[in-house]
Amino acid sequence: MATIIDGKKLSKKVLAELKEETDKLKQRGITPCLAVILVGNDPASKIYVKNKTIACQEIGIDMQEYFLPEDACECELLDLIESLNNNENVDGILLQSPIPPHLNIAKAFSKINPAKDVDGFNPINAGMLAMSYPIFIPCTPLGVIRMFQENNIQVEGKNCVVIGRSNIVGKPMAQILINKGATVTVCNSKTKDLKTHLLNADIVISAVGKPNLVQRDMIKQGAVVIDIGITRLENGSICGDVDFDNVQQVASYITPVPGGVGPMTIAMLMNNIILACKNRR
Ligand code: GUN
C-alpha cells in the first residue's frame, strides 16, 4: 500500500517557514508585494486567485488585484504589465491563465519583467531552466520537487514519465527532471500505447485533466505516482487523472486530489514572491 503524500500538511509547513522569512523582511521595513492580473470571467481562475489571496494574507505578503474585462484589447493588457514592471513597490507579477483567446498569452508572458516573473513563464526564465540555470521555476513542478525532497525520493537515474506537455506544468516538469539526471519520457494525448511507457516508469507524473487515465495495470510495483490533473465533476467534486483507490495498492508513494500538489503550487508561489523580493531589494 502506497504512502500518501499529504500536500496540504506539507504546504502548511512550507508556509510557516516562509512566514518567518516575511517577518524578517518586515523587521527591515520590507513587505513583499504580488500583483495579480485577471482578464475576463473564468470561474476556475477566480477560485485560484482567491486561494492565492488567502495564502498571501496568511504569511504577510501584500497583494494587488487588477481586473480587465473579457473584451480587453491587447494594448490594455500590455500597458498594465508595463506599468507593473515599472512600479517599484511590486515584486512579483502573475497573469492568471487562461486569458480570452483573442489575446496572445505568449506575448503577455514575454512582457513581464523576468525579475518579477514569479510564475517562471517568461521565455527568459523558461530558457534559463532549460539551460540548467533556473531563476524562477514554475510553481507546480517546483511543488512536486519539494514533495520528493521531503520524502527522500531520488530522481537521478530514474525512469520518469510525464503525461502532458503544457508550458505551465508538463514541459517545465520534464526540464527539471532532465536537469536532475532522470531519463524522461513526455507523453501526450497522441501517444501510442501509453501503458507500455508507464510500465517502464519508476516515477509517473500526470498533468492532463482526464479522470481515471492512469490505471492500476499501467503502474509498475513500487512506482511513485504524482497526480497533477484537476477535473471538476458534475456533482461539483474535484478529481485527478489517477484511479487513486486502485493505483495506491501498487505504488510506493501517491498524491491525492484534492489535497496533493494543488496546495504545494500556492506555497511555491509564495516562495517565488519572497525570492523576487529578496533579489530586488
Ligand atoms: N493557470 C493554471 N495554473 C496557473 C499558474 O500556476 N499560474 C498562472 N498564472 N495561471 C495558471
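In each ligand, atom 1 is the first atom listed, and ligand 1 is the first ligand listed.
By the neighbour-count criterion of 12 heavy atoms within 6.0 Å, atom CE of M131 is sparsely surrounded, having that number or fewer from other residues, nucleotides or ligands. More than 12 heavy atoms of other residues, nucleotides or ligands sit less than 6.0 Å from atom NZ of K26.
Between R281 and D91, at least one side-chain nitrogen of the basic residue sits less than 4.0 Å from a carboxylate oxygen of the acidic one, meeting the salt-bridge criterion. For the pair K19 and D23, the salt-bridge criterion is met [side-chain N within less than 4.0 Å of a carboxylate O].
Looking at I178, V184, V162 one by one, the single match for side-chain contact (heavy atoms from CB on, under 4.5 Å) with M173 turns out to be V162.
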Does ligand 1 have any N/O atom under 3.5 Å from a protein N/O, and what are those pairs and their distances?
from, atom 1, to, atom 2, distance (Å)
ligand 1, 1 (N), Q96, NE2, 3.3
ligand 1, 1 (N), S97, O, 2.9
ligand 1, 1 (N), S97, OG, 3.3
ligand 1, 7 (N), D119, OD1, 3.3
ligand 1, 7 (N), D119, OD2, 3.2
ligand 1, 9 (N), L95, O, 2.8
ligand 1, 9 (N), D119, OD2, 2.6
ligand 1, 10 (N), Q96, NE2, 3.4
ligand 1, 10 (N), S97, N, 3.0
ligand 1, 10 (N), S97, OG, 3.4

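Looking at heavy atoms from C-beta onward, L233 lies out of side-chain contact with I238 at the 4.5 angstrom threshold.
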